[in-house]
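The structure under discussion appears below in the form of structure tokens.
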There are 4 protein chains.
Amino acid sequence: MARGRRVNSCGEKSKKLLLEKAIELFSTYGYHQTKISDIVKSANLTQPTFYLYFQSKETLFNDLNEKFHNELTEIFSSSTNDINNGKIGIDLIQGSLTHIFEFFIENPNLTKIGFYEAEQSTAVKEMLVSELIHILNTQLKDSNVLKQADATILAESLIGSVERLTLTNLLTNKTSPEQLAKEICMIYFATELSLVHS
Amino acid sequence: MARGRRVNSCGEKSKKLLLEKAIELFSTYGYHQTKISDIVKSANLTQPTFYLYFQSKETLFNDLNEKFHNELTEIFSSSTNDINNGKIGIDLIQGSLTHIFEFFIENPNLTKIGFYEAEQSTAVKEMLVSELIHILNTQLKDSNVLKQADATILAESLIGSVERLTLTNLLTNKTSPEQLAKEICMIYFATELSLVHS
Amino acid sequence: MARGRRVNSCGEKSKKLLLEKAIELFSTYGYHQTKISDIVKSANLTQPTFYLYFQSKETLFNDLNEKFHNELTEIFSSSTNDINNGKIGIDLIQGSLTHIFEFFIENPNLTKIGFYEAEQSTAVKEMLVSELIHILNTQLKDSNVLKQADATILAESLIGSVERLTLTNLLTNKTSPEQLAKEICMIYFATELSLVHS
Amino acid sequence: MARGRRVNSCGEKSKKLLLEKAIELFSTYGYHQTKISDIVKSANLTQPTFYLYFQSKETLFNDLNEKFHNELTEIFSSSTNDINNGKIGIDLIQGSLTHIFEFFIENPNLTKIGFYEAEQSTAVKEMLVSELIHILNTQLKDSNVLKQADATILAESLIGSVERLTLTNLLTNKTSPEQLAKEICMIYFATELSLVHS
DNA sequence: CATGAATGAGACTTCATTCAT
DNA sequence: CATGAATGAAGTCTCATTCAT
């Protein structure tokens with residue numbers, strides 16, 4: 001049978017295709033239920049080709065997670081710059097959440113992997129929590145909320161909400177990033193807001 | 001090891017031991033990383049013995065999940081009876097959460113499996129959400145919270161909080177069931193409570 | 001749990017029961033598809049009990065076949081005594097076949113094993129063939145049949161007929177032993193018979 | 001042995017080799033006594049390679065039987081076309097038997113499987129019987145044989161003879177296809193033939 | 001660059017058989 | 001005499017990975 005390079009084939013294109021399909025399948029079926037044979041089949045390539053571009057199944061999966069982790073961290077860092085844009089307090093938080101949700105919705109499958117499927121998701125969430133605690137402590141120091149609830153618990157709770165609502169409302173397109181961020185802030189900071197508004 | 005019955009061996013004991021070890025390993029390493037060989041090894045038995053008491057790895061895992069689902073459902077149903085104990089509104093919710101958390105902390109490993117590891121965990125959470133929506137609609141119909149936030153989003157958010165805080169604060173013994181339930185209610189129903197208290 | 005001898009139990013009875021069930025199952029499902037666990041289950045006993053009476057699965061199966069072989073040999077030998085009863089030629093053959101068929105129909109399951117299922121069935125049939133050749137050579141020496149066909153082929157053919165018709169007509173109770181023996185002789189010795197009858 | 005492709009290896013060749021060895025072993029030792037490990041060992045390959053070309057042991061066995069069944073059916077159908085060649089009555093039957101025997105001797109191992117070893121052999125023989133009954137009824141309607149013996153019994157008997165003689169005389173190369181077909185017809189249709197010849 | 005062909009390692013499961021009671 | 005409990009040995013199958021072309 002014919003072997004060797006295909007007409008019209010191009011290394012970078014194949015790699016990108018494999019990556020896409022891998023993300024798709026990992027996010028749909030999970031790491032263990034996704035076989036290399038599945039990935040290459042859906043990319044219309046063969047198994048050795050996979051190893052041309054990726055060291056191993058595990059490496060690929062880890063790289064994907066690292067990428068997710070890094071980009072998400074980046075989002076948060078840059079959203080802190082909103083301070084320069086004059087946003088403070090709850091507005092800053094709401095803005096950050098919006099940015100995160102926008103990132104999620106732009107990378108739904110990667111999100112499913114990095115935020116839900118992978119073992120590394122634990123680290124990602126811890127990162128979010130600690131960043132959030134930092135913001136809470138600097139931005140809402142004197143709020144009612146923090147007087148009544150422990151900052152850590154509040155942050156963990158909020159990330160929990162983000163986790164679940166992303167799955168049920170965001171990635172299903174039921175709620176937009178802005179709207180979801182707003183709803184969450186409403187739930188968590190109603191007392192502050194009512195004071196402000198009154 | 002010689003064949004045949006061991007000195008002092010007893011079926012029920014072996015089965016229970018295997019079950020315990022299985023739950024332990026499944027909860028620690030997950031379904032796929034837990035091999036039957038691991039389970040029997042940690043129970044000091046051999047593989048055929050596993051099949052003496054369980055139909056298959058998958059069946060065992062599913063049964064475990066079903067058990068978790070059923071018991072959790074039961075907890076919720078019976079905690080509704082607190083209405084008869086005069087609990088209403090937020091108190092009722094707080095009581096229900098307390099019961100759930102107590103169940104979780106009594107079955108930490110089973111919880112890790114049924115609430116986090118299994119595919120069926122989706123169904124479990126959906127069940128909790130829909131039960132919670134029902135309570136919200138009947139008990140907090142006229143509250144400020146429901147005026148401002150969609151009941152479904154509120155419920156999903158709350159279950160998200162439960163999910164995360166169980167992992168980070170409850171199962172790590174940082175927070176007690178009662179305390180955690182109270183903190184969550186504080187976060188979610190601060191406005192109501194302040195009205196009540198004022 | 002209760003262990004040890006059952007009330008009303010009796011060694012010989014258990015052995016006989018196991019033997020019956022074994023024959024039944026071997027004949028229905030074959031050697032490999034019949035498990036010791038199946039045999040004891042249908043005898044309402046347990047696996048160790050099986051080994052109380054039989055050395056092993058294979059031994060039991062072989063014993064069964066030996067028994068079949070011996071009894072069938074015996075049938076043939078004693079039917080030779082029909083000579084003393086005055087039977088000769090085709091009548092003798094028809095009588096022998098009748099006896100064989102009667103034995104088959106009295107032991108249908110053992111027959112299915114020893115004549116069809118077992119490897120040893122080869123030997124059994126060879127025995128029948130060589131006995132038959134002997135009879136043909138002594139009783140039908142000058143017949144037309146033997147002039148036209150090789151005695152060995154005739155004998156093999158006849159045993160082939162016996163083999164198939166036993167399965168399709170005798171053990172299904174479509175045809176009686178006597179009738180079947182008669183039909184076979186009709187087919188095989190029509191020329192002789194017509195001479196006789198004319 | 002190192003992993004990966006072997007020098008000079010070729011899929012089709014491997015598959016064919018495995019098939020041959022499988023047929024050989026199945027026919028010699030039977031389905032249950034033939035292990036996949038035996039098959040690949042005698043083909044100098046490894047177990048996963050088997051699954052590269054066949055779905056499972058059972059599937060392979062069934063496919064083999066189906067193939068046997070189909071080809072044998074085909075033989076019979078096409079030998080009916082001998083009618084066009086002017087063959088009628090006993091000659092037609094003898095021709096058909098010859099064709100069958102030729103097929104058997106060209107595929108001795110497949111025959112051992114499909115005609116003796118497999119459960120499906122029952123169906124194969126039933127097919128032969130019903131085809132034969134049809135021929136008898138159309139070609140030998142007024143013969144002496146059919147007057148004296150039941151057509152079904154005659155057909156079953158004849159197939160029994162074919163079954164046994166194939167094993168003892170054909171596959172052992174004691175008798176040629178033509179010769180065996182002739183002998184069988186001699187045995188079964190002696191009366192007709194003698195009439196014809198006289 | 002890409003493929004066809006192959007395999008090492010290991011997972012799940014089954015079954016005849018055997019102790020200890 | 002009979003059982004409950006257990007296991008050695010082995011079989012089928014899968015999957016990530018790797019040669020040779």
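To find a chain, count down the sequence lines: A is the first, B the second, and so on, and within it residues start at 1. The figures here come from the full heavy-atom set of this structure, side chains too, leaving out hydrogens, waters and symmetry mates.
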Parsed dot-bracket for DNA chain E after applying the Watson-Crick and G-U rules with both distances under 3.5 Å and | for other-strand partners is .||||||||||||||||||||
Is there a donor-acceptor contact under 3.5 Å linking the side chains of B:E71 and B:N107?
-> no
Toward the 5' end of DNA chain E, by each residue's nearest nucleotide, C:F50 or D:G11 = D:G11
Give the rounded distance in Å between these two atoms: NZ of A:K41 and C1' of F:dA16.
-> 14 Å
Return the value, rounded to whole Å, for the distance between atom CG of D:L17 and atom C1' of E:dA5.
-> 14 Å
Which residue, C:P48 or D:V7, contacts DNA chain F at a nucleotide closer to its 5' end, judged by nearest heavy atom?
-> C:P48
Checking F:dA6, E:dT3, E:dA6 against the side chain of D:R6 (C-beta onward), the nearest is E:dA6
Most 5' of B:N8 and B:S56 on DNA chain E, judged by nearest nucleotide | B:S56
In whole angstrom, what separates C:H32's NE2 from E:dC15's P?
-> 13 Å
Mapping D:K57 and C:T49 to their closest nucleotides on DNA chain F, which lands nearer the 5' end?
-> C:T49
Closest heavy-atom pair and its distance - B:K13, B:N8 | NZ-O, 3.8 Å
Of E:dT17, E:dG8, E:dC12, the nucleotide closest to the side chain of C:Q47 is E:dT17
Indicate the ring-plane relationship of B:F26 and B:F61, choosing parallel, tilted or perpendicular according to the 30° and 60° boundaries.
-> perpendicular
